[in-house]
K.L.:
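Would you mind keeping the following structure in view while I ask a few things?
A note on names: the letters A, B, ... follow the listed sequences, proteins ahead of strands, and every chain is numbered from 1. Note that the structure is predicted; figures quoted are calculated from it, not measured.
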There are 2 protein chains.
Amino acid sequence: MCGVRATSVCNAIEDAHLGRLAAVAVTIEADPGKAFIEEGESADNFFNITAGTAKLFKLLPDGRRQITGFAGAGHFLGLAVSDTYAFSAEAVDKVRYCRFSRRRLRGLLDDFPAMEKRLLELATNELVAAQEQMLLLGRKTALERLASFLVVRSRLGGPCTPRRTRVTLPMTRSDIADYLGLTIETVSRTMTKLRADKLIELPGPHDVVLRDLANLERIAGGLM
Amino acid sequence: MCGVRATSVCNAIEDAHLGRLAAVAVTIEADPGKAFIEEGESADNFFNITAGTAKLFKLLPDGRRQITGFAGAGHFLGLAVSDTYAFSAEAVDKVRYCRFSRRRLRGLLDDFPAMEKRLLELATNELVAAQEQMLLLGRKTALERLASFLVVRSRLGGPCTPRRTRVTLPMTRSDIADYLGLTIETVSRTMTKLRADKLIELPGPHDVVLRDLANLERIAGGLM
DNA sequence: CGAGCAATTGAGACAAGTCAAAGCTGGTGG
DNA sequence: CCACCAGCTTTGACTTGTCTCAATTGCTCG
């Protein structure tokens with residue numbers, strides 16, 4: 001039950017009705033930096049990431065940015081109650097995704113309640129992650145935020161897969177900062193501190209080796 | 001379409017199948033301070049608030065608390081993917097709520113896909129609110145956070161009802177602080193500043209009169 | 001090899017936190 | 001009926017974690 005396909009929207013119907021899904025889906029590639037959802041625009045499409053990583057974010061008028069999440073393979077974007085998107089999305093690295101017409105998807109949902117069920121499950125998952133992120137943003141220190149981020153990254157691919165001690169961060173320091181509610185400089189300094197404390201190694205800006213996962217998890221949980 | 005019943009879980013089935021829902025629901029009253037969901041405990045029940053206000057929160061081991069939301073009449077609690085709750089809930093004032101067995105609700109959902117649809121809509125709404133709160137916690141100043149809080153409170157009861165210029169805050173300063181990622185003292189000082197700037201009046205600690213909603217909204221949106 | 005961007009490091013500033021002391025207020029019992 | 005207590009809120013003085021501004025280093029790719 002673990003792995004990318006288990007968390008995919010398509011999963012619930014792919015098995016039974018692959019054909020009808022394929023008929024309304026368009027596969028698209030987006031290069032790094034390419035924006036494919038703009039906050040406030042008409043929410044006509046659903047998206048399902050199949051490769052790469054996208055960042056989801058909201059902006060304030062003066063340019064302050066909060067990244068609300070990173071969406072990897074299997075992630076699903078575009079749930080919206082109102083008829084406009086509540087956030088923007090941009091490719092971090094090379095991203096491949098399926099695009100569905102929202103109108104047509106509605107028809108599919110009526111025919112296949114199982115897919116509705118799956119969507120609810122996904123939304124619930126997102127909600128739990130969002131609450132965890134609120135705890136991080138509202139109450140954790142810079143050190144705890146970065147440790148949390150690295151620990152979560154080490155568990156990508158589901159709670160069942162073994163944790164990776166080598167983590168790849170496709171995003172920039174600026175993205176990490178905007179995700180953790182910090183500045184670039186604080187992210188950089190905190191990375192350096194974690195390295196000085198022998199908790200991680202930094203072979204390059206986009207690679208982190210977690211040398212002491214147990215202590216990183218302690219810090220992430222708020223036990224300095 | 002606006003009002004409490006429109007955002008209630010029950011709504012989708014009440015009209016058609018009120019009987020079966022009532023059969024599995026238990027109505028309960030909780031006094032202020034009473035905890036009725038504990039993070040980490042077995043998620044056996046769903047809850048639907050029908051009166052009063054509850055606070056939902058997560059704790060760190062050292063006692064730091066993040067309130068992830070306030071749930072008023074019509075709100076729905078207990079969505080969980082895993083079999084344990086991801087947050088705790090406690091009554092702010094006198095709360096009345098319906099409790100459903102999760103196991104039995106599952107049966108209802110299978111029979112009434114419309115209810116599943118309604119739940120997805122609710123979860124999506126929550127998700128949008130959660131993203132907005134992440135922006136607040138990660139990127140807004142104390143003044144912007146409090147202004148945002150007051151503006152949202154003035155719109156309780158849905159986007160369709162006229163905004164109230166008199167807002168009642170059933171929760172304490174400590175609750176507001178833990179919701180906005182601030183301290184009690186900062187909340188208090190910021191309230192005082194808003195009053196000094198003639199944006200609000202404070203007849204009592206639990207009542208606020210919004211004297212200049214337009215400017216409060218400007219501040220809330222990040223335009224200091 | 002150098003231009004351009006990302007990341008790191010440093011020094012000083014400031015928003016919000018901490019610690020401490022009054023004020024207020026609502027409920028209770030003498 | 002009112003004084004007192006306990007808890008909440010406000011205000012004040014000081015500290016600090018993180019931000020801002022600025023300079024330097026390192027990497028990637030024409």
Side-chain angles (χ1 to χ4, degrees), chain A residues 31-33 55 60 62-66 92-94 136-150 168-197 200-208 219 222 224, chain B residues 31-33 55 60 62-66 90 92-94 136-149 168-197 200-208 219 222 224:
Chain A
D31 286 327
K55 54 191 173 196
L60 288 172
D62 64 357
R64 279 174 286 172
R65 183 178 66 158
Q66 180 63 39
V92 170
D93 47 17
K94 209 171 183 67
L136 180 149
L137 292 169
R139 289 298 179 223
K140 288 187 183 178
T141 66
L143 193 68
E144 291 163 351
R145 292 181 199 202
L146 202 47
S148 302
F149 179 65
L150 294 174
T168 301
L169 307 174
M171 67 293 289
T172 66
R173 293 288 185 266
S174 177
D175 290 336
I176 298 174
D178 285 346
Y179 180 56
L180 300 178
L182 301 169
T183 58
I184 308 175
E185 294 92 329
T186 299
V187 170
S188 186
R189 276 187 255 270
T190 307
M191 284 279 195
T192 303
K193 175 169 171 43
L194 284 173
R195 183 182 54 190
D197 294 349
I200 63 173
E201 283 166 41
L202 292 168
H206 293 280
D207 291 284
V208 185
I219 294 171
M224 313 270 309
Chain B
D31 287 327
K55 55 192 174 197
L60 289 172
D62 64 358
R64 277 175 287 172
R65 182 179 69 156
Q66 179 64 39
E90 201 176 301
V92 169
D93 47 17
K94 208 169 184 68
L136 180 149
L137 292 169
R139 289 297 178 225
K140 287 186 183 177
T141 65
L143 193 68
E144 291 163 351
R145 292 180 200 202
L146 203 46
S148 303
F149 179 65
T168 301
L169 307 174
M171 66 292 290
T172 66
R173 294 287 186 266
S174 177
D175 289 337
I176 298 174
D178 285 348
Y179 180 57
L180 300 178
L182 300 169
T183 58
I184 308 175
E185 293 93 330
T186 299
V187 169
S188 185
R189 276 187 255 270
T190 307
M191 284 278 195
T192 303
K193 176 169 171 40
L194 285 173
R195 184 183 52 188
D197 294 349
I200 63 172
E201 282 165 42
L202 291 168
H206 294 280
D207 291 284
V208 186
I219 294 171
M224 312 272 305

K.L.:
Salt bridge (charged side-chain N to carboxylate O under 4.0 Å, His left out) with Arg195(B): which residues, sequence neighbours excluded?
P.N.:
none
K.L.:
Where along nucleotides 8-24 of chain C does protein come under 4.0 Å, by heavy atom, of base (B) or sugar-phosphate alone (S), with - for untouched nucleotides?
P.N.:
BBBB----SSBB-----
K.L.:
Measuring from Leu146(B):CG to Leu194(B):CG, what's the distance to the nearest 0.5 Å?
P.N.:
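Going from CG on Leu146(B) over to CG on Leu194(B), the span is 5.5 Å.
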K.L.:
Atom CD of Glu144(A) and atom C1' of dT18(D): how far apart are they, to the nearest Å?
P.N.:
14 Å
K.L.:
Please state how far atom CG in Leu137(B) lies from atom P in dT18(D), giving the value in whole angstrom units.
P.N.:
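Those two atoms, CG and P, are 15 Å apart.
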K.L.:
What is the distance from CG of Asp207(B) to P of dG26(C), rounded to the nearest Å?
P.N.:
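The answer, rounded to whole Å, is 11 Å.
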K.L.:
CG of Asp175(B) versus P of dC8(D): gap in Å, rounded?
P.N.:
10 Å
K.L.:
Could you check how far CE of Met171(B) sits from C1' of dT9(D), rounded to whole Å?
P.N.:
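It is 16 Å, rounded to the nearest whole Å.
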K.L.:
Under 4.0 Å between a side-chain nitrogen and a carboxylate oxygen: does that hold for Asp178(B) and Lys55(B)?
P.N.:
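No, Asp178(B) and Lys55(B) are not salt-bridged.
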K.L.:
Which residues pass the side chain to side chain donor-acceptor pair (under 3.5 Å) test with Asp93(A), sequence neighbours left out?
P.N.:
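Asp93(A): no side chain to side chain donor-acceptor pair (under 3.5 Å) contacts found.
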K.L.:
Rounding to an integer number of Å, can you tell me how far Leu146(B) CG sits from dT10(D) P?
P.N.:
11 Å
K.L.:
Quick one: CD on Gln66(B) to NZ on Lys140(A), what's the gap to the nearest 0.5 Å?
P.N.:
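So the gap between those two atoms works out to 11.0 Å.
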K.L.:
Hey, are Asp62(B) and Arg139(A) close enough for a salt bridge, meaning a charged N less than 4.0 Å from a carboxylate O?
P.N.:
no
